[in-house]
There are 2 protein chains.
Amino acid sequence: MQNVWFRATATQRGAPPLSRDRIVAEAVALLDEEGVGRLTMRRLAERLGTGSTTLYWHVKTKDDVLDLALDTIFDEVRVPAGGGDWQEDVRALLRGWLQALLNHPWSTTLLSRPLMGPNVLTRSEFLHATLAAAGFAGQRLTGTAYALSNYVIGSAMMQATWQAGDEEEVREAAKRHLHAQRDRYPTLATHDPLVGDEWKDAFELGLDYLLTGIQSQLAVFKGA
Amino acid sequence: MQNVWFRATATQRGAPPLSRDRIVAEAVALLDEEGVGRLTMRRLAERLGTGSTTLYWHVKTKDDVLDLALDTIFDEVRVPAGGGDWQEDVRALLRGWLQALLNHPWSTTLLSRPLMGPNVLTRSEFLHATLAAAGFAGQRLTGTAYALSNYVIGSAMMQATWQAGDEEEVREAAKRHLHAQRDRYPTLATHDPLVGDEWKDAFELGLDYLLTGIQSQLAVFKGA
DNA sequence: TCGAGTACCGGATCGTTGATCCGGTCACTC
DNA sequence: GAGTGACCGGATCAACGATCCGGTACTCGA
């Protein structure tokens, strides 16, 4: 290469310069398309038009990539304005939370790592603040926030598991399996697994249970 | 080797003959001691005094081992006699369910795979049957069972995450992290994370919420 | 009694992975 | 125009899941 003008800038070789944000964004795309099992530093690097070792300049380990990718999807969760009916605020937040997880089913397999990213913390702060405004305090506030979060996490995992790629196939196999053993599992065998909108209904049902319980708890120690 | 007596039987070489059950039992022990990240077919085989390739005669893939190990721990969950107060039966089952998961923290990282083993199904059948006896039916029964199961699963994951080996260290780091950013997360920063028995209390609190909600739902359509 | 079949085992090997070493290349400063 | 530091990547390492293929010992029928 003789001439500057014929020579691409170093940082232009592979599109915009590599950055932690670009890596994470591409990781999310890769995870969405192929799932957590196929996220490799090499494959990720290839998609970014770079070498795999280069990623390690921006990121310490692969786990870092996963942690960052996981937190990233939570910025899809709209944080309610707040100040309205606390129950509706909680409902809106948790619905968004569930939806974000389901939009990226791989995320549910990563939930067993500490969620401490800024996006998660912002949503968690809103939940705590809303419960505080509703009248909770101290350990009871923490416990109630956990109850709600845990319910969402569990629901997302369950639904993502049964709606995975092989959806129809796995569900049919499960159904046959149960029906074949209906002597052993009579009640299970006569109740079909959830499909489509029934998942949403089930989620709302459980949320109703929780909020009903929380409301009555609130009434008790407000009355005292 | 000249003599039969000086020659060990093939099946005695490595203690009792290898079987799927022995493999799974050893896998659970290995997982308990070293966690899911360190379970490899080679290490598992070594503990069994055999070659890694041998395991593949008894088991199709490593995932099979994990699925079998996961189902195995659920036989720790005592199934209540049933027929008593349905709320107490549900409570007893779910407490045992949570405890089994926490006894084997690695299990919570595997919950994103379909739970279809005999031990799981037996417990799930009991939950469904108990709710049926309490007055639920159809999709509402399924939804209620999911709500309860999902709560347990989410609770186990959350607790296992924050009580992992590095317990103190991670928790302290999180606390410092939050306190340093208390402008951004005022409510979070003033509420300490749970410790020790507080986890149990929080679990019971959420369970109370759910059962209160379920009870009132039951009253509604029993009255109609 | 013996020979064939079957259940079971493992050394060697393949392709892939996360991670690191160490040597580049370019833009920018003084 | 020499040097500094941000950024990149080829080569390499140990470890992994899985498979091939050739063994070994027990069993059962004739």
Side-chain angles (χ1 to χ4, degrees), chain A residues 1-27 30-31 34-70 106 109-110 113, chain B residues 1-27 30-31 34-70 106 109-110 113:
Chain A
M1 311 208 180
Q2 321 86 341
N3 196 303
V4 220
W5 311 110
F6 292 8
R7 213 172 46 206
T9 319
T11 52
Q12 276 177 349
R13 247 185 247 146
L18 208 47
S19 69
R20 177 177 281 217
D21 283 350
R22 270 194 70 223
I23 292 176
V24 173
E26 196 63 43
L30 175 51
L31 287 164
E34 313 197 29
V36 71
R38 308 207 41 158
L39 173 66
T40 301
M41 295 305 268
R42 285 176 232 261
R43 290 168 64 82
L44 181 54
E46 196 179 0
R47 286 175 67 121
L48 288 162
T50 182
S52 70
T53 64
T54 301
L55 302 180
Y56 286 97
W57 198 92
H58 298 272
V59 140
K60 195 154 183 296
T61 68
K62 183 186 177 185
D63 273 350
D64 280 10
V65 177
L66 292 175
D67 283 332
L68 291 166
L70 187 55
W106 50 268
T109 69
L110 302 178
R113 50 184 71 216
Chain B
M1 311 211 180
Q2 319 87 335
N3 196 303
V4 219
W5 311 110
F6 292 7
R7 212 169 49 206
T9 318
T11 53
Q12 276 177 348
R13 246 186 247 146
L18 209 46
S19 70
R20 178 178 281 215
D21 282 351
R22 269 194 71 223
I23 293 176
V24 173
E26 196 63 42
L30 175 51
L31 287 164
E34 313 196 29
V36 72
R38 308 209 40 159
L39 173 67
T40 60
M41 296 305 267
R42 285 178 232 260
R43 292 167 62 80
L44 181 54
E46 196 180 359
R47 287 176 65 120
L48 288 162
T50 183
S52 70
T53 65
T54 301
L55 303 180
Y56 287 95
W57 197 92
H58 300 271
V59 139
K60 196 156 183 295
T61 67
K62 182 186 178 184
D63 273 351
D64 281 10
V65 176
L66 292 175
D67 282 332
L68 291 166
L70 187 54
W106 49 270
T109 70
L110 302 178
R113 49 184 71 215

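Just so it is clear: chains get the letters A, B, ... in the order the sequence lines come, proteins before strands, and each one is counted from 1. Only a predicted model underlies this, so the values are computations on that prediction, with no experimental measurement involved.
One finds the CG atom of L70(B) at 11.5 Å from the CG atom of D63(B) (value rounded to the nearest 0.5 Å).
A pairwise comparison of heavy atoms in A69(B) and L31(B) identifies CB-CD1, 4.1 Å as the closest pair.
Atom CD1 in I23(B) sits roughly 11 Å away from atom P in dC8(C) (whole-Å rounding). If you measure from atom CG of L48(B) to atom P of dC9(C), you get 10 Å, rounded to the nearest angstrom. One interatomic measurement links the two molecules: CZ of R20(A) to P of dA6(D), which rounds to 15 Å at whole-angstrom precision. Between the CG atom of L66(B) and the C1' atom of dG17(D) there is a distance of 12 Å, given to the nearest Å.
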Requested in this report: Could you go through the side chain to side chain contact (heavy atoms under 4.5 Å, CB included) check for M41(A) and V65(A) one step at a time?
Outcome: CA-CA 9 Å; M41(A) 295 305 268; V65(A) 177; 4.2 Å; yes

Requested in this report: Let me see the working for T61(A) and D64(A) under side chain to side chain contact (heavy atoms under 4.5 Å, CB included), right down to the final yes or no.
Outcome: CA-CA 5 Å; T61(A) 68; D64(A) 280 10; 3.7 Å; yes

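For residues 38-52 of chain B, the salt bridge (charged side-chain N to carboxylate O under 4.0 Å, His left out) pairs, not counting sequence neighbours, are E26(B)-R47(B), E33(B)-R47(B), E34(B)-R38(B), E34(B)-R43(B).
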What pairs of nitrogen or oxygen atoms, one from the protein and one from nucleotides 13-16 of chain D, lie under 3.5 Å apart?
none

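Residues of residues 51-60 of chain B having a heavy atom closer than 4.0 Å to DNA chain D, listed by number: T53(B), Y56(B).
The only member of L55(B), L30(B), T54(B) that meets side-chain contact (heavy atoms from CB on, under 4.5 Å) when paired with L48(B) is L55(B).
Contact annotation: the side chain of L39(B) approaches that of L66(B) to within less than 4.5 Å [non-hydrogen atoms, C-beta and beyond].
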